[in-house]
Amino acid sequence: MILELDCGNSFIKWRVLSGAEVVLVAEGVVDSDLALCESLCKLSGLSLRSCRMVSVRTAAETSALIDMLERDFGVSVICAKPAREMSGVRNGYEDYERLGLDRWLAMLGAFHLANGPCLVLDFGTAVTADFIAIDGDHLGGFICPGMPLMRNQLRTHTRKIRYDDVAAERALTSQAPGRSTVEAVERGCSLMLRGFVLTQLEMARSYWGEGFTVFITGGDADLVAGVAPGARFVPDLVFVGLAVACPLS
Ligand SMILES: Nc1ncnc2c1ncn2[C@@H]1O[C@H](COP(=O)(O)OP(=O)(O)OP(=O)(O)O)[C@@H](O)[C@H]1O
Ligand SMILES: CC(C)(CO)[C@@H](O)C(=O)NCCC(=O)O
Ligand SMILES: [K+]
């Protein structure tokens, strides 16, 4: 069995794969190393042969997690590393090591699947867009606050914006102008994301006409559903790239 981990800023996405046919055994989203450990311990018949991970956390946080996995599960951990070029994609950053590894892997995954120009949009704690040309050249990208950051900034910096998660979820069943604070904020922020998608699509069209593939991933991908008809929703895009970057012999 193989354990795969995508350590983001807020959550750790994990999954366990098994066998030559690469069957999904189990998967989950947790908010701490300890919660990951508990989830894995609950799996019956877990026998890990290897583990590969990508992390956008600090080196100290990442090595603490690696230590825990090696100690508690007796598995050696392979970590995705920055690269100037890999699998036909050329990192477009002036300082290639500074490009977020989750973005890099999502790009590797996208280019692997599309084999042509692509626009990769990731809706997590942060929202990112990346452009990859037909020859695999990464043209660069954009980073902006995601849904959790936008709503928390409003909550933190105003006195009268207060509401709970249940109300937030209910508010997002429509896009109509809000008639309550929760509706106004949740729908407003969701429109920011939808507008972001439209702008990225415009830019991609200006480069490539209609000949490109849009990939949408990340925990909040649902919020932009329908904005880019024809886009490919690939929730595990980072894992697709992880397999490309860290093949297991
Ligand atoms: N099962 C889930 N558990 C937690 N969050 C979820 C889940 N499903 C969807 N989400 C949404 O995913 C968002 C977080 O996205 P995601 O997990 O892609 O990124 P992250 O790890 O927080 O950050 P990063 O962008 O650094 O990877 C949250 O705002 C939440 O609304
Ligand atoms: C932008 C995030 C937070 C998205 O998860 C991550 O890719 C990251 O920390 N990147 C480093 C900065 C950069 O990509 O320029
Ligand atoms: K991510």
Side-chain angles (χ1 to χ4, degrees), residues 4-15 24 26-33 35-36 38-39 52-62 65 79-84 89 91-110 120-132 138-155 163-173 182 185-187 189-190 192-194 196-197 200 215-225 233-242 245:
E4 295 186 328
L5 301 170
D6 170 8
C7 307
N9 277 292
S10 315
F11 299 102
I12 301 173
K13 278 74 69 183
W14 63 270
R15 68 183 193 183
L24 179 69
E27 64 182 335
V29 183
V30 290
D31 62 3
S32 67
D33 293 6
L36 172 66
E38 285 168 1
S39 297
R52 57 187 167 204
M53 76 149 81
V54 56
S55 171
V56 295
R57 301 183 169 189
T58 63
E61 289 170 303
T62 305
L65 176 56
C79 246
K81 296 266 176 307
R84 228 184 280 279
V89 182
N91 191 319
Y93 262 30
E94 288 157 21
D95 185 351
Y96 73 94
E97 292 178 301
R98 301 224 170 242
L99 175 72
L101 281 169
D102 53 349
R103 294 172 63 192
W104 176 238
L105 293 190
M107 286 196 281
L108 294 182
V120 182
L121 302 170
D122 188 333
F123 296 87
T125 304
V127 167
T128 60
D130 282 288
F131 293 78
I132 306 134
H138 173 220
L139 306 181
F142 299 97
I143 304 174
C144 52
M147 191 68 175
L149 293 182
M150 287 198 281
R151 69 156 73 88
N152 286 338
Q153 282 298 92
L154 283 166
R155 282 178 180 170
Y163 54 83
D164 60 46
D165 293 348
V166 180
E169 202 168 319
R170 215 179 309 123
L172 281 172
T173 51
V182 61
V185 171
E186 289 294 311
R187 293 178 194 174
C189 293
S190 125
M192 297 271 288
L193 298 185
R194 299 166 80 86
F196 178 83
V197 173
Q200 303 305 313
F215 288 90
I216 297 183
T217 191
D220 283 325
D222 289 358
L223 294 176
V224 299
F233 276 77
V234 185
D236 64 353
L237 190 59
V238 170
F239 285 137
V240 175
L242 184 61

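Whatever order the structure lists ligands and atoms in, that order sets their numbers, starting from 1. These values consider heavy atoms only, across backbone and side chains, with no hydrogens, waters or symmetry-generated copies.
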ask   = Does the side chain to side chain contact (heavy atoms under 4.5 Å, CB included) test come out yes or no for Leu172 and Leu223, once each step is laid out?
value = CA-CA 8 Å; Leu172 281 172; Leu223 294 176; 3.7 Å; yes

Protein residue, atom and distance nearest to [atom], heavy-atom basis:
| atom | value |
| --- | --- |
| atom 28 (C) of ligand 1 | Asp220 OD2, 3.6 Å |
| atom 9 (O) of ligand 2 | Val56 CB, 4.2 Å |
| atom 7 (O) of ligand 2 | Asp102 OD1, 2.6 Å |
| atom 16 (P) of ligand 1 | Lys13 NZ, 3.5 Å |
| atom 3 (N) of ligand 1 | Val29 CG1, 3.4 Å |

I'd like to check which ligand 2 atoms, numbered from 1 as shown, lie under 4.0 Å from a non-hydrogen atom of [X].
| X | answer |
| --- | --- |
| Arg103 | 7 (O), 13 (C), 14 (O), 15 (O) |
| Arg98 | 11 (C), 12 (C), 13 (C), 14 (O), 15 (O) |
| Leu99 | 14 (O) |
| Tyr93 | 13 (C), 14 (O), 15 (O) |
| Asn9 | 3 (C) |

Under the 3.5 angstrom rule, does the side chain of [X] hit a backbone N or O of [Y] as a donor-acceptor pair?
| X | Y | value |
| --- | --- | --- |
| Thr217 | Pro235 | yes |
| Asn91 | Tyr96 | yes |
| Arg151 | Val185 | no |

message = Any nitrogen or oxygen of Gly100 lying under 3.5 Å from a nitrogen or oxygen in ligand 2? Just yes or no.
response = yes

In ligand 1, which numbered atoms sit nearer than 4.0 Å to a non-hydrogen atom of [X]?
| X | result |
| --- | --- |
| Gly218 | 18 (O) |
| Pro148 | 29 (O) |
| Asn9 | 21 (O), 23 (O), 24 (P), 26 (O) |

query = Can you check side chain to side chain contact (heavy atoms under 4.5 Å, CB included) on Arg57 and Leu65, steps first, answer last?
reply = CA-CA 10 Å; Arg57 301 183 169 189; Leu65 176 56; 5.7 Å; no

key: Protein contact for atom 11 (C) of ligand 1 (heavy atom, distance under 4.0 Å)   = yes

message = Protein heavy atoms near atom 7 (C) of ligand 1, is at least one of them under 4.0 angstrom away?
response = no

key: Region of Ser10 that comes within reach of ligand 1 [heavy atoms, distance under 4.0 Å]   = both

Could you tell me which non-hydrogen atom of [X] sits nearest to which non-hydrogen atom of [Y], and how far apart they are?
| X | Y | answer |
| --- | --- | --- |
| Val56 | Leu101 | CG1-N, 4.1 Å |
| Ile12 | Cys7 | CG2-SG, 4.1 Å |
| Ser39 | Trp14 | CB-CZ2, 3.8 Å |

Test side-chain contact (heavy atoms from CB on, under 4.5 Å) applied to Met107 and Leu99, Leu237, Thr128, the passing residue = Leu99

Looking only at distances, please establish whether an N/O atom of ligand 1 is found under 3.5 Å from an N/O atom of [X].
| X | answer |
| --- | --- |
| Asp122 | no |
| Thr125 | yes |
| Gly219 | yes |

request  = List the steps, then state whether side chain to side chain contact (heavy atoms under 4.5 Å, CB included) holds for Met150 with Leu193.
outcome  = CA-CA 10 Å; Met150 287 198 281; Leu193 298 185; 3.6 Å; yes

ask   = Can you give me the OD2-the K ion (ligand 3)-OD2 angle for Asp102 and Asp122, to 10°?
value = 90°

request  = Establish, yes or no, whether the cationic atom of Arg155 lies under 6.0 Å from the six-membered ring centre of Tyr163 and within 45° of the ring axis.
outcome  = yes

inquiry  = A quick test of your reading: do over 12 heavy atoms of other residues, nucleotides or ligands sit less than 6.0 Å from CD of Glu61?
reply    = yes

